[in-house]
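Keep in mind that the numbers below use all heavy atoms, side chains included, and drop hydrogens, waters and symmetry copies. Sequence lines set the chain letters: A, B, ... in the order given, protein chains first and strands last, and positions in each chain run from 1.
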Number of protein chains: 2
Amino acid sequence: MSAMQNKSDKTFLRAPTIKDVAVRAGVGIKTVSRVLNDEPNVRPQTRERVLAAVGELNYRRNTIASSIRRRDQRTASIGLVVEDLANPFAARLTRVVQDVAFQQSHLVLVGSSEGVAEREHEIVGEFCSRRVDGLIIVPSGTDQSYLRVEHTHGAPVVFVDRPGRRIKADTVVSENASGVAEAVRHLVRHGHSRIAYLGDRQSVYTAAQRLSGFRSAMAECAGGADQRHIRTGLRDGAKAYQATLDLLGQRPAPTALVCGNNIITMGALHAMQQCGVREHVAIIGFDDLELADLLQPALTVVAQDVAALGTEGARLLFERLKHPTAPYRRVTVPVRLIARGSGEIPAPSGREGR
Amino acid sequence: MSAMQNKSDKTFLRAPTIKDVAVRAGVGIKTVSRVLNDEPNVRPQTRERVLAAVGELNYRRNTIASSIRRRDQRTASIGLVVEDLANPFAARLTRVVQDVAFQQSHLVLVGSSEGVAEREHEIVGEFCSRRVDGLIIVPSGTDQSYLRVEHTHGAPVVFVDRPGRRIKADTVVSENASGVAEAVRHLVRHGHSRIAYLGDRQSVYTAAQRLSGFRSAMAECAGGADQRHIRTGLRDGAKAYQATLDLLGQRPAPTALVCGNNIITMGALHAMQQCGVREHVAIIGFDDLELADLLQPALTVVAQDVAALGTEGARLLFERLKHPTAPYRRVTVPVRLIARGSGEIPAPSGREGR
DNA sequence: TTGTAGGCGTTATCAA
DNA sequence: TTGATAACGCCTACAA
């Protein structure tokens with residue numbers, strides 16, 4: 001009935017339970033439970049005996065068994081859904097979320113939605129099956145209302161990078177529009193007016209926001225955006241590469257590019273390299289890249305504060321867990337233009353050159 | 001006693017249970033369980049009724065409750081410990097591990113050890129508390145024998161990137177030594193003999209392996225390595241930067257650098273940029289970098305097949321779960337030298353130049 | 001200060 | 001084919 005082998009026995013069948021500890025310490029299971037949970041009313045002497053037994057048996061509390069019984073049903077775990085864990089943005093986000101969670105004694109389950117709504121839904125479903133205490137989601141698709149149903153088990157949600165749709169929840173986003181607008185103004189200051197924009201699908205919130213920042217800044221200080229210089233729907237580097245080749249082949253060609261995310265920036269850089277225009281066409285990317293400062297010319301970017309996005313997201317989640325009925329909050333994280341060279345290439349002189 | 005509200009009721013207190021489903025379908029709980037677990041001996045008609053009730057109540061199986069009762073105690077989750085989730089190597093590894101796990105209907109818990117043995121131990125402890133079915137670990141420190149004790153609950157371990165110490169387990173590693181040796185031969189073929197090596201702490205398995213590959217290749221075809229041109233213990237980019245500046249300041253200076261990992265490569269590149277020697281000193285990095293091909297000159301690397309490391313690691317783990325007593329296996333994943341320019345810079349002529 | 005009984009949501013047993 | 005009941009490891013309630 002109880003674990004009959006000691007820890008050096010290779011045929012050990014199951015982990016020791018609170019019962020095994022109780023037997024060994026010669027106390028009742030409730031006393032063991034009290035010790036494990038730092039509850040009062042245990043004689044120091046008894047506590048010692050229990051702790052000794054715990055050590056000898058190498059007992060470790062079965063957290064998941066405990067969670068099904070405890071009043072709040074908390075599992076001390078949270079779920080994180082990003083588009084692609086291998087993407088540097090998601091990787092940095094995951095790291096900071098995990099750091100905050102670990103400080104709060106929580107573990108993190110991760111999943112990649114690949115930007116597919118169904119997959120996001122599926123992953124969230126699995127997380128809820130594991131009864132995570134909360135969710136941090138970089139949402140895909142156009143409808144997160146399915147989460148209202150998942151809410152039945154009480155797991156709060158925080159959206160990071162993009163707000164969820166058709167549902168209210170705590171949210172952390174970057175200053176997308178004003179960040180891109182700043183990039184445009186920066187280019188205009190360096191003499192550009194034929195500025196092109198390359199972005200992701202408009203159904204992605206950040207993509208829409210960034211394009212809107214582009215349009216308004218162009219309207220404000222460059223006489224409006226040229227529709228032929230706007231390319232959206234660029235889901236991967238290859239698409240961005242093609243679109244950039246296409247833009248650079250136009251006459252008149254744009255003298256500067258603004259890229260909506262780091263994948264697109266990489267595609268555009270490859271295309272520019274291919275055409276040999278790295279030194280002549282200005283480019284500013286949204287979101288920083290490792291090695292950006294080693295490129296020639298070095299890459300000017302609108303850097304997101306990924307650490308802040310993640311930390312704030314996790315913080316909002318843990319505060320929500322403490323105060324379930326508090327009003328929802330939306331945090332906006334500033335972005336920062338980092339001038340490194342590629343965004344300071346001047347527009348060719350001779351008015352509208354070429 | 002049972003969930004009294006329907007799914008649109010905001011005051012819903014708890015998730016529906018198998019009991020609620022049973023009541024609604026007018027069957028016993030065991031029948032519901034049979035349907036949920038695809039067990040035989042359920043009339044199709046009954047099955048339909050149960051599934052209908054599941055849909056109406058929006059029931060979702062409580063996986064953690066199920067795991068405490070099932071014979072094998074499986075939780076359908078695995079734990080992954082890497083050094084730093086934000087590192088591109090770890091991020092790609094996490095992604096593929098998660099993909100394989102998800103295919104196998106398992107979720108992944110993640111943790112960053114930061115290369116600190118105590119933290120690794122602590123994270124593994126938490127994972128075991130959650131009764132993960134298995135562990136994939138990029139080990140830190142010099143002793144993973146503590147895992148033998150964690151084994152009491154039966155979770156097998158697979159080591160990835162580096163073998164564990166003082167414990168036997170399935171392992172997946174890259175061809176570290178021969179990869180670096182190939183880099184050295186490549187440089188020698190381009191006329192180099194004063195080749196420097198920059199590496200991590202020797203206590204890190206991969207670092208030791210790579211340095212040993214360096215030494216043996218140098219002995220074999222460049223008359224042996226010059227001790228002054230070997231720098232180890234470089235834990236971060238800043239240290240690598242300093243070490244590189246130092247090496248480049250020597251007289252005679254090395255004409256080529258071999259870098260032991262991607263963090264070191266980045267530090268070295270910054271230092272070379274700083275000294276204006278990017279075009280004159282050859283460099284080959286271990287592990288590929290995003291944008292490596294956009295640098296000028298583009299970066300020659302010994303690329304690890306991170307996807308294979310992760311896939312093989314996960315595959316070994318799931319096979320171990322199926323066959324707990326099979327002999328341990330060690331898989332070696334080939335690396336590949338990708339010549340892009342920086343490794344093909346010829347040694348300065350005039351015999352021992354400068 | 002300590003222990004016993006009961007229950008969490010599920011799966012396992014075994015009888016109907 | 002079906003279901004009542006026990007059991008998993010733990011926490012809660014309550015009694016001693």
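Between A/R131 and A/G28, the residue anchored closer to the 5' end of DNA chain C is A/G28, taking for each the nucleotide with the nearest heavy atom.
Side-chain contact annotation: A/S203 with A/T142, donor-acceptor N/O pair under 3.5 Å absent.
Between A/S33 and D/dC11, a side-chain N or O to OP1/OP2 separation shorter than 4.0 Å is present. In terms of phosphate contacts, A/Y59 brings a side-chain nitrogen or oxygen within less than 4.0 Å of OP1 or OP2 of D/dC10. Between B/N37 and C/dT11 there is a side-chain polar atom (N or O) within less than 4.0 angstrom of OP1 or OP2. B/R61 has a side-chain polar atom (N or O) that falls below the 4.0 Å cut-off from OP1 or OP2 of C/dT11.
For B/T75 (side chain) and B/R131 (main-chain N/O), a donor-acceptor pair under 3.5 Å exists by modelled atom type. Between the side chain of B/E83 and the main chain of B/E114, no donor-acceptor pair closer than 3.5 Å is present.
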All N/O contacts under 3.5 Å from nucleotides 13-16 of chain C to the protein, with atom names and distances to one decimal?
residue, atom, partner, partner atom, Å
C/dT13, OP1, B/R71, NH2, 2.5

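Among the heavy atoms of the strands, none lies under 4.0 Å from A/L36. Nucleic acid contact for B/I29: base, since at least one base atom lies under 4.0 Å from a heavy atom of the residue.
If you run salt bridge (Lys or Arg N to Asp or Glu O under 4.0 Å) between B/D170 and each of B/R330, B/R329, B/R320, only B/R320 comes through.
Closest to the B/T31 side chain, of the nucleotides D/dC10, C/dT10, D/dT2, is D/dT2.
Against DNA chain D, the stretch residues 39-51 of chain B makes heavy-atom approaches under 4.0 Å through B/N41, B/V42, B/R43, B/T46.
The aromatic rings of A/F318 and A/H106 stand perpendicular to each other, their planes meeting at an angle above 60°, with 30° marking the opposite boundary.
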